[in-house]
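Everything below concerns the one structure shown next.
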There are 2 protein chains.
Amino acid sequence: MGFAETFKALSDPVRRDILTLLKKGSLSAGEIGSHFDMTGATISYHLSILKKADLVFENKQKNFIYYELNTSVVEEVMLWLADLKGGNDNEP
Amino acid sequence: MGFAETFKALSDPVRRDILTLLKKGSLSAGEIGSHFDMTGATISYHLSILKKADLVFENKQKNFIYYELNTSVVEEVMLWLADLKGGNDNEP
DNA sequence: AGACTATTTAGAAATTTCTCTAAATACAGG
DNA sequence: CCTGTATTTAGAGAAATTTCTAAATAGTCT
């Protein structure tokens, strides 16, 4: 719930690739994992970081867990950057 | 020159604070350092990372080095995020 | 040139991050 | 209930990051 966690989450290439994958729609942990050359445990670790940063949320169905992009947090990060760039001094 | 470096650079709170400081205008390394409770060497390390990520550029004057925010890279990051969020599939 | 100031570089220690293997949990379906 | 599949948790090792102190550069000014 702070930018710290969000930016940290975005700082890893694997996690950014996961988010890009999720752009087209929700995917199960296994489906996500199949795009990478790493164990499911490692993917699970990355997903947990994205989840803690609120960049994704999960959706249990059967015994699959589907992950979905949380665009509202992406938007918050964009606002932070816009403020940095814009130099508008009216952000609290 | 890649997002990897840029996001990594943005992932540290000290470096984000430096960028926020630079929002109001350019500052010398020493002036930046005076806002933090760390040695000048550590600030220099953070500045080098921001510089490698092209998030700031430097400007020598007398024997001071002034650092300035590079808003164009901030904009590139915003575009990446906009694409992620928007799901507009027209980005090359 | 010499002294002084500003900043960076080098090396080392503490901490954090990423990845793996192995084991645990959760749940579905016969 | 038992077996099988999907995912997470725990523990450990390797690699990267952050910070410090001490020393090196670079440039100014008398």
Side-chain angles (χ1 to χ4, degrees), chain A residues 1-22 25-70 73 77, chain B residues 1-22 25-70 73 77:
Chain A
M1 239 248 192
F3 282 119
E5 273 167 333
T6 311
F7 276 111
K8 271 269 190 244
L10 286 167
S11 75
D12 186 272
V14 173
R15 291 192 291 265
R16 287 196 303 279
D17 286 350
I18 290 176
L19 294 176
T20 299
L21 234 37
L22 257 26
S26 68
L27 293 173
S28 72
E31 287 169 327
I32 293 168
S34 75
H35 287 79
F36 298 90
D37 190 19
M38 346 179 106
T39 65
T42 298
I43 294 299
S44 183
Y45 160 78
H46 285 300
L47 287 171
S48 80
I49 287 177
L50 289 170
K51 205 165 43 180
K52 264 194 300 199
D54 278 332
L55 279 162
V56 302
F57 42 81
E58 60 185 28
N59 205 316
K60 285 174 212 253
Q61 240 170 88
K62 290 186 57 175
N63 55 343
F64 293 81
I65 302 181
Y66 286 93
Y67 284 90
E68 197 161 346
L69 188 61
N70 182 0
V73 170
V77 177
Chain B
M1 241 251 194
F3 282 121
E5 273 168 334
T6 311
F7 276 111
K8 270 269 189 246
L10 286 167
S11 77
D12 186 272
V14 172
R15 291 192 290 265
R16 286 196 303 279
D17 286 350
I18 290 175
L19 294 176
T20 300
L21 234 37
L22 257 24
S26 68
L27 292 172
S28 71
E31 287 168 327
I32 292 168
S34 75
H35 287 81
F36 298 90
D37 190 19
M38 347 179 107
T39 65
T42 299
I43 295 299
S44 183
Y45 160 77
H46 285 299
L47 288 172
S48 79
I49 287 176
L50 289 170
K51 206 166 39 181
K52 262 194 301 199
D54 277 330
L55 279 162
V56 302
F57 43 81
E58 60 185 28
N59 204 316
K60 287 174 210 253
Q61 238 169 90
K62 290 186 57 175
N63 56 343
F64 294 80
I65 301 181
Y66 287 93
Y67 283 89
E68 196 160 347
L69 188 60
N70 182 1
V73 170
V77 177

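Just so we're on the same page: letters track the sequence lines, and every chain starts at 1.
- Between B:Y45 and A:F64, the residue anchored nearer the 5' end of DNA chain D, judged by the nucleotide with its closest heavy atom, is A:F64.
- Nucleotides of DNA chain D nearest to B:S11 and B:N63 differ in position, and the one nearer the 5' end is that of B:S11.
- Here the nucleotide nearest the side chain of A:K8, chosen from C:dT17, D:dT8, C:dT8, is C:dT17.
- Across all strands, A:G40 comes closer than 4.0 Å to base atoms (heavy-atom distances).
- Nearest heavy-atom pair across B:A9 and B:L50 is CB-CD2, 4.3 Å.
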- B:L19 and B:L10: CA distance, side-chain angles, deciding distance, side-chain contact (heavy atoms from CB on, under 4.5 Å) verdict: CA-CA 9 Å; B:L19 294 176; B:L10 286 167; 3.6 Å; yes
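- For A:N59 and D:dA6, the CG to P distance is 18 Å, given to the nearest whole Å.
- At least one side-chain nitrogen or oxygen of B:Y67 sits closer than 4.0 Å to the OP1 or OP2 atom of C:dT8.
- Close to D:dT19, at under 4.0 Å from its OP1 or OP2, lies no side-chain N or O of B:T42.
- The one candidate from B:E58, B:E68, B:E5 that meets the salt bridge (charged side-chain N to carboxylate O under 4.0 Å, His left out) condition with B:K51 is B:E58.
- Contact annotation: A:T39 side-chain N/O to C:dC20 OP1/OP2 distance is under 4.0 Å.
- In this structure, B:A29 reaches the sugar-phosphate backbone alone: every heavy-atom distance under 4.0 Å involves primed, P, OP1 or OP2 atoms, never a base.
- The shortest distance between the side-chain N/O atoms of A:S28 and the OP1/OP2 oxygens of D:dT7 is below 4.0 Å.
- In this structure, NZ of B:K62 is placed 8 Å from C1' of D:dT28, rounded to the nearest angstrom.
- The side chain of B:K60 contributes no N or O atom lying less than 4.0 Å from OP1 or OP2 of C:dT7.
- The nearest whole Å value for the distance from the CD1 atom in A:I43 to the P atom in D:dT8 is 10 Å.
- B:H35 and B:E31 make their closest contact through ND1-O, 3.0 Å (heavy atoms, listed as atom of the first residue, atom of the second, distance).
- The CG atom of B:L50 sits 15 Å away from the P atom of C:dT7 (whole-angstrom rounding).
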- For the pair B:I32 and B:H46, evaluate side-chain contact (heavy atoms from CB on, under 4.5 Å) and give the outcome as yes or no after the intermediate values. CA-CA 11 Å; B:I32 292 168; B:H46 285 299; over 6 Å; no
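- Nucleotide C:dT17 holds its C1' atom 8 Å from the CZ atom of A:R15, rounded to whole Å.
- Between the OH atom of A:Y66 and the P atom of D:dT5 there is a distance of 16 Å, given to the nearest Å.
- Taking atom CG of B:D12 as the reference point, atom C1' of C:dT15 lies 13 Å away to the nearest angstrom.
- A:H46 has a side-chain polar atom (N or O) that falls below the 4.0 Å cut-off from OP1 or OP2 of C:dT19.
- Taking atom CG of A:L47 as the reference point, atom P of D:dT7 lies 9 Å away to the nearest angstrom.
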